[in-house]
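What you see is a predicted model; the values in this text were computed from it and never measured. Note: hydrogens, waters and symmetry copies are ignored here, and every other heavy atom, side chains too, is used.
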Amino acid sequence: MSERRSRRSAFSALLTALLRMDLRNQAYAGATGAKADELIPPLYWVVGQILTTSLLLSLMLFGRVSAWFFAWAELSTTMIVVFSAVVVEFNEIVLNPADSEVIGHRPVRGATYAAARLANLGAYVALMFVATTIFPTILGAALLDGGVAFAARYLLASGLVNVGTAAAVVLLYTLLGAGKVLDRARTLLAWIQILAILAVFYGAQLMLRAGDGSVETFAAEPPAWARWLPTYPLADAVAGGGLAALAL
């Protein structure tokens, strides 16, 4: 019984430390302007940037495109944002080789460490899920061809995109040996959220000023390359194609 309590105590202590490290990670310091000694951690700014991007994109598309394109654009943006976030903070949320120097001499079982790391990754993905999903779900349900069913399907699809993207990054690092390439791109990926906000904001400005219906035309006839993205069949399912569309 005491051994079980010891494991629970070690797991709780590890998970608490990992979550605090997530909040104070300085990988986003350059992109957010936040410093380690500031009251608001860098991760808070990142979540705020993701929420802003999601809201701006939803408002830009609302009432101008079909439910399918709305879902496709939002899910594709989610995939890009989550991919960059997990790569940038991989050492904090998934695995850091330096951990062995800090806790290697302590009586912590490998299973306890792995469970804490997995729980930490799950908490991070859950945070990304909320940040990328809340606005598209609400505004998507208000579309003429949306509704409550759209909202329910979008929640499921967004969850799949968040979990699937995070799993893909882990596989790229551990199985395919792409860690060095991704590490070199980490600085650039840290700016993805800022670049996404700028792209959506100025894109909306150009769309409103031009008024030529280019967005509507693009949404009605998406390019062929869109079919190669995993978000394409997911958007079909969200818009009413059913789960069978996921097999396409």
Quick one: ring pair (Phe, Tyr, Trp, His ring centres under 6.0 Å) partners of Y232, sequence neighbours excluded?
W68

Sequence-distant partners of F135, ring pair (Phe, Tyr, Trp, His ring centres under 6.0 Å), two or more places apart:
none

Under 4.5 Å between any side-chain heavy atoms of [X] and [Y], yes or no?
X: Y173; Y: V87; value: yes
X: L172; Y: F83; value: yes
X: R117; Y: I93; value: no

On a heavy-atom basis, which atom in A131 and which in I50 lie closest, and how many Å separate them?
CB-CG2, 3.8 Å

What is the minimum heavy-atom distance between A67 and F150, and which atoms define it?
O-CE1, 3.6 Å

Are V238 and V130 connected, step by step, through hydrophobic side chains (Ile, Leu, Val, Met, Phe, Trp, Tyr) whose heavy atoms are closer than 4.5 Å?
no

Of T78, L127, L75, the one forming a side-chain contact (heavy atoms from CB on, under 4.5 Å) with T132 is T78

In a check of side-chain contact (heavy atoms from CB on, under 4.5 Å) between L57 and each of T77, L139, T52, which one passes?
T77

Where do I134 and S54 land on the side chain to side chain contact (heavy atoms under 4.5 Å, CB included) test, with the steps shown first?
CA-CA 9 Å; I134 182 171; S54 179; 6.0 Å; no

Using the six-membered ring wherever Trp is involved, compare the ring planes of W72 and F69 and label them parallel, tilted or perpendicular (cut-offs 30° and 60°).
tilted

